[in-house]
Each structure stands twice: as C-alpha cells, then as structure tokens.
Amino acid sequence: MTQPTLRNARLLMVPLADRHFDLEVELDSDPEVLRYITGRARSRDEVTASHAQRLALSGTVDGLGYWMAFGSGGGVRGTVAPKHEDEGDFVGLMMLPPAHGPDQPDDPTVAELGYRVARHCWRRGLASEASEALLRHAFDTVGQSRVIAQTMAVNVGSQGVMKAVGMRYVRTYFPFWDDPIPGAESGEVEYEMTREMWEARRDAS
C-alpha cells in the first residue's frame, strides 16, 4: 500500500509530490497561516527543506504521509469535491506522518495529525472534514493504534478541530525553544484518538 488519494464530500486529497512545491511556498508565505507554528512567513529555502523532509517521512510507514487538499470554489459549504486537482482550488496541506517529534513516541503505529489551511478557506470546517478522512484512513486502512495531534495551548482554533473530530486532551507540556514565539510560555497541548476510541465512535454513528 502506498499513500492513496482520499476523497470526502468537499475535498480531494492527493499525496504530496514535487509538483506541489509552489503551492507549499504560497501557503507558507502567509504569516497568519504560520502564526502558531513559526510566528512568521517562511522563505523558499525553508520550504525546500521541509518539502524534502515531508517526502522522506512519507516513505517510512506505508500509507502515512502528507496530502494536498483541493476543493471546488475553495471548498465552500454545498460544493462537492473536484474529480481532479487541476479542476479544484488549493485548500491546504493535510498531514498524517508517523509521529517523529522530540515530544512524540518512537512508535510506527502512532501517527501525528495536522492541518494547514490557506487563509481564504478558513472557517469553512475544512480542517475538520480533512481530519475525519485522515483518522478513518489511519485506523481503517493503515491500521494505526493511535493518532496524536499537538499545538500551542493558545491556539484555540486548532484545538477546536481536535475536539470536533472526537480527540481527547492528553496533556500540556513545555518544550524548550531557542526562539520562542508569542504564546509559547503557555506551553503545548496534546490530544489523541486511540483505536478503541475510533471504533466506539464509528460504531455509534
């Protein structure tokens, strides 16, 4: 199994590839999109490095990785997912790599959920919709035991997505930052979805 193309009501999610690099640069050129990640826009060279890292991570656990999401009319409510990425508007980068950070478990059965949505597509529920698709893929297709998501404690919007898809709060922790951004003093939070939680949620729906 390799990374499949994923589709739900409003989004077409295709595995990240080199052809998407300029879209990554465009996404990371908006400092508001990166407000709780780097606190500033990223340079093309920085995106080059992160792009290479993402592609490398995508090959470490079969089925996990990164997806570029496309929607019709920017994914507004009432639209349907385009049949092909060339027919849609770029919405954002959706992430489900193996957990790999310094404050994450070194366990190939644990994945990290993430989402980075272009600002003009905010507040449309797209991060939640993409996250639902990624959780379904993680548990029902890849067979993960657990999915975690981490964000700054002050990032209430991202935590809202985690709660909306049924993840539960695990902890607040305080990593060391060489160059902390505003809000770092409040720490980071972690949420999780376990296989047992997912199966119970799925069976109840």
Side-chain angles (χ1 to χ4, degrees), residues 8-11 13 24 26-42 46-47 50 54 66-69 71 74-79 89-97 99-105 110-139 144 146-194 197-198 200-201 204-205:
N8 55 30
R10 288 186 289 163
L11 293 176
M13 298 162 58
E24 289 177 275
E26 175 187 327
L27 186 65
D28 283 3
S29 68
D30 185 344
E32 280 301 302
V33 171
L34 299 184
R35 179 179 178 186
Y36 299 110
I37 302 171
T38 61
R40 59 171 179 81
R42 303 172 76 210
E46 288 174 314
V47 179
S50 62
R54 288 167 185 153
Y66 299 81
W67 285 260
M68 300 296 267
V76 296
R77 296 187 187 279
T79 58
D89 302 317
F90 175 59
V91 167
L93 172 66
M94 309 306 173
M95 300 168 258
L96 190 71
H100 60 281
D103 292 287
Q104 298 179 357
V110 179
E112 180 189 15
L113 176 69
Y115 29 81
R116 192 172 300 178
V117 177
R119 195 191 328 184
H120 68 276
C121 296
W122 287 1
R123 299 179 182 86
R124 296 177 181 173
L126 296 171
S128 296
E129 191 167 309
S131 295
E132 286 275 4
L134 291 176
L135 289 170
R136 185 179 309 111
H137 175 65
F139 293 114
Q144 296 298 98
R146 183 169 172 252
V147 176
I148 63 173
Q150 297 173 331
T151 190
M152 294 181 71
V154 294
N155 189 353
V156 295
S158 185
Q159 290 182 65
V161 173
M162 298 171 192
K163 294 172 184 176
V165 298
M167 302 184 86
R168 68 183 172 196
Y169 169 82
V170 176
R171 61 177 177 139
T172 299
Y173 62 102
F174 296 87
F176 172 78
W177 301 106
D178 290 327
D179 187 18
I181 63 177
E185 67 279 0
S186 297
E188 302 271 320
V189 294
E190 179 176 300
Y191 284 70
E192 72 173 359
M193 175 76 75
T194 65
M197 290 170 61
W198 171 259
R201 187 169 185 263
S205 62

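No hydrogens, no waters, no symmetry mates; every other heavy atom, side chains included, goes into these values. If you're wondering where the values come from, they're calculated on a predicted model, not measured in any experiment.
- When all heavy atoms of H100 and Y66 are compared, the pair lying nearest together is CE1-OH, 4.1 Å.
- Distance CG/D28 to CD/E46: 9.0 Å, rounded to 0.5 Å.
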Between V147 and E192, is a side chain to side chain contact (heavy atoms under 4.5 Å, CB included) present by the stated rule, with each step listed?
-> CA-CA 6 Å; V147 176; E192 72 173 359; over 6 Å; no

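- In this structure, W67 and H137 have perpendicular ring planes: the angle between them is above 60°, well past the 30° mark.
- Annotation: the span from L113 atom CG to M95 atom CE amounts to 8.5 Å, rounded to 0.5 Å.
- Checked by atom type and distance alone, the side chain of R168 never pairs as donor or acceptor with a backbone atom of M197 at under 3.5 Å.
- Atom CD in E190 sits 8.5 Å away from atom CE in M167 (nearest 0.5 Å).
- Taking every heavy atom of both residues into account, V91 and G71 meet most closely at CG2-N, 3.6 Å.
- Across D178 and F176, no two heavy atoms sit closer than the pair OD1-CE2, 3.0 Å.
- Side chains of M13 and L134 form a contact here, defined as non-hydrogen atoms less than 4.5 Å apart.
- Between C121 and G74 the shortest heavy-atom distance is SG-O, 3.5 Å.
- Taking each heavy atom of S29 and A41 in turn, the nearest pair found is O-CB, 3.5 Å.
- The structure places CD1 of I37 at 10.5 Å from CE of M152, a figure rounded to the nearest 0.5 Å.
- In the model, Y115 has a side-chain atom that pairs as donor or acceptor with a side-chain atom of S158 under 3.5 Å.
- Under the 3.5 Å distance criterion, the side-chain polar atoms of R10 are matched with a main-chain donor or acceptor of G75.
- Residues P175 and E188 are in side-chain contact: their nearest non-hydrogen atoms beyond the backbone lie under 4.5 Å apart.
- Proximity of R146 to P105: side-chain heavy atoms (C-beta onward) are separated by under 4.5 Å at one or more points.
- Using a 4.5 Å heavy-atom threshold, the side chains of M193 and M162 count as separate.
- In this structure, R116 CZ and M94 CE are separated by 11.0 Å, a value rounded to the nearest 0.5 Å.
- Between R201 and E132 there is a salt bridge, with a side-chain nitrogen of the basic residue lying less than 4.0 Å from a carboxylate oxygen of the acidic one.
- A distance of 5.5 Å separates CZ of R171 from CG of D103, quoted to the nearest 0.5 Å.
- For the residue pair Q159 / Y191, a side-chain donor-acceptor distance below 3.5 Å is found, with atom types taken as modelled.
- At a threshold of 4.5 Å between non-hydrogen side-chain atoms, the residues V189 and T151 count as touching.
- In this structure, F174 has no ring pair (Phe, Tyr, Trp, His ring centres under 6.0 Å) partners at least two apart in sequence or on a different chain.
- Residues I181 and T38 fail the side-chain proximity criterion, which asks for heavy atoms closer than 4.5 Å.
- The side-chain heavy atoms of V165 and L135, taken from C-beta on, include a pair separated by under 4.5 Å.
- Listed here is the closest heavy atom pair of S186 and A153: O-CB, 3.5 Å.
- Annotation: ring pair (Phe, Tyr, Trp, His ring centres under 6.0 Å) contacts of Y36 (sequence neighbours excluded): none.
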